[in-house]
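What follows is a short report on a single structure.
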Amino acid sequence: MLTIRENQPLAPLTTFGIGGPARYFVAVRTAPEIPEALAWAEARGLPVFILGGGSNLLVPDNGFGGLVMQIDLRGVIQDKPWSPDFIVGAGEPWDQFVDQAIEANCAGVECLAGIPGSTGGTPVQNVGAYGQEVSQTIRQVHVYDRVDKQFRQLNNHECGFRYRESIFNTTARGRYIVTAVVFLLHYGKPNLSYADLQKRFEGRLRSPKLREVAEAVRDIRRSKGMLIVPGDADCRSAGSFFKNPIVDANLIPRIAGALDIEASSIPQWLAGNGKIKIPAAWLLERAGFTKGFVDGAAGISSRHTLALINRGNATFADIERLQNCIIATVRERFGITLEREPVLLG
Ligand SMILES: Cc1cc2nc3c(=O)[nH]c(=O)nc-3n(C[C@H](O)[C@H](O)[C@H](O)COP(=O)(O)OP(=O)(O)OC[C@H]3O[C@@H](n4cnc5c(N)ncnc54)[C@H](O)[C@@H]3O)c2cc1C
């Protein structure tokens with residue numbers, strides 16, 4: 001039985017804590033409630049927005065005039081007690097699943113500890129951090145297909161994973177509602193490919209355990225305001241606000257010229273096809289948007305250049321103004337148009 005609420009404030013359901021209410025709101029706890037809620041909205045001609053943990057979301061100040069459906073399908077099943085496969089309900093908090101996987105001695109998601117949001121939200125932008133991405137361990141994504149009006153399963157390849165992308169936020173945006181994610185982990189050593197993590201464990205005689213790596217990741221995140229800690233103003237954000245841009249390598253001399261520096265001193269990674277990836281944080285800093293930057297009620301985290309924050313009573317308009325100012329300045333200085341990472345509701 002659906003419980004549909006009216007005029008539900010959305011700001012408290014997001015990590016940014018901004019924006020207006022949803023005209024209608026429903027939290028679905030069983031899979032059959034999904035088509036039921038969609039039919040309810042369709043009968044009234046209302047648009048539907050799918051909400052997970054609200055950690056990658058910007059809500060406009062006038063809210064949303066349709067139905068917000070929060071996916072609250074729970075449960076973690078280890079496929080067989082001896083195998084490292086897990087079927088995880090889309091509404092399970094991601095960081096809790098990371099702990100459960102570690103408890104079962106399974107590697108593959110330990111570097112993704114401390115990322116807020118729901119498990120169903122992770123395939124959407126192929127969540128990644130500290131040397132791991134969920135696309136490396138997702139075997140299947142269980143979905144409700146809004147076009148064919150049926151439940152189905154997509155394999156890893158069908159999800160079209162790339163850097164911060166999948167079909168769920170590109171070609172098939174809005175079509176699929178994730179109901180569960182199947183992870184194939186492995187019994188093995190933690191991933192220490194990331195330099196910050198290697199440094200943490202340098203000089204130790206024994207290799208770190210999975211739990212120690214996850215805790216190290218949470219520590220590093222905490223130090224950067226990238227862990228949700230009640231009362232920490234720096235984490236009233238949606239995490240990284242801009243994607244690291246992938247641009248033509250021939251832009252490098254222009255950037256070097258604009259800053260009067262050697263091209264070789266610009267941090268960059270090869271991204272294939274003559275393209276390179278440049279850290280968005282580096283571009284922001286060179287454009288004058290440094291840690292602790294204040295613009296009224298909006299600002300930049302004092303510990304992480306890429307996190308735009310709500311400094312107290314910020315509105316969506318405040319965040320949008322700062323976002324537009326950063327995009328315009330970086331474009332003017334370096335010829336690069338930054339792309340926002342968080343999703344705009346509506
Ligand atoms: C402090 C902080 C640190 C962060 N660090 C990282 C990081 O290191 N790496 C990283 O990649 N991200 C990071 N993020 C961003 C965010 O946590 C992830 O993108 C997260 O996976 C979003 O999940 P969510 O459930 O909160 O999704 P929401 O914010 O609720 O929704 C985001 C998008 O996913 C869609 N969606 C959500 N659930 C479903 C579903 N079940 N079915 C279909 N669509 C769905 C929504 O419609 C929306 O389009 C961080 C955010 C914060 C606040």
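Read the numbers this way: they start at 1 and go in the same order the structure lists the ligands and their atoms.
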Please name the residue in the list Ile309, Asp295, Ile327, Val294 that meets the side chain to side chain contact (heavy atoms under 4.5 Å, CB included) test with Leu322. Asp295
Where's the contact between Pro116 and ligand 1, heavy-atom distance under 4.0 Å: side chain, backbone, both or neither? both
For the ring pair Phe183 and Trp94, is the centre-to-centre distance below 6.0 Å? yes
Main-chain N/O of Glu133 paired to Gln136 side chain as donor or acceptor, under 3.5 Å: yes
Does Arg221 have a non-hydrogen atom less than 4.0 Å from ligand 1? yes
So is Tyr130 close enough to ligand 1, meaning a heavy atom under 4.0 angstrom away? no
For ligand 1, the portion of Val124 having any non-hydrogen atom under 4.0 Å away: side chain
With a cut-off of 4.0 Å, which atoms of ligand 1 are near a heavy atom of Ala129? 8 (O)
ring-ring contact (aromatic ring centres under 6.0 Å, His included) partners of residues 44-86, not counting sequence neighbours, each pair once: Phe86-Phe97
Among Gly239, Ala307, Ser118, whose heavy atom sits nearest atom 52 (C) of ligand 1? Gly239
Axial cation check for Tyr163 ring with Lys277, 6.0 Å and 45° limits: yes
Please verify whether a non-hydrogen atom of Tyr176 lies at under 4.0 Å from ligand 1. yes
Quick one: does Cys235 get a heavy atom under 4.0 Å from ligand 1? no
If we set the cut-off at 4.0 Å for heavy atoms, which region of Val178 has an atom near ligand 1: side chain, backbone, both, or neither? both
Derivation of the side chain to side chain contact (heavy atoms under 4.5 Å, CB included) call for Phe25 and Asn7: CA-CA 8 Å; Phe25 177 90; Asn7 297 321; over 6 Å; no
Using heavy atoms and a threshold below 4.0 Å, how should the contact between Ile71 and ligand 1 be classified: side chain, backbone, both, or neither? side chain
Just to be sure I read this right, does ligand 1 sit under 4.0 Å from the backbone of Val343, its side chain, both, or neither, counting only heavy atoms? side chain
Could you check whether Thr305 and Glu285, counting side-chain N and O atoms only, form a donor-acceptor pair closer than 3.5 Å? yes
Contact (N/O only, under 3.5 Å) between Ile228 and ligand 1: no
Where's the contact between Ala238 and ligand 1, heavy-atom distance under 4.0 Å: side chain, backbone, both or neither? backbone
among protein heavy atoms, the one nearest atom 17 (O) of ligand 1 is Ser55 OG, 2.8 Å
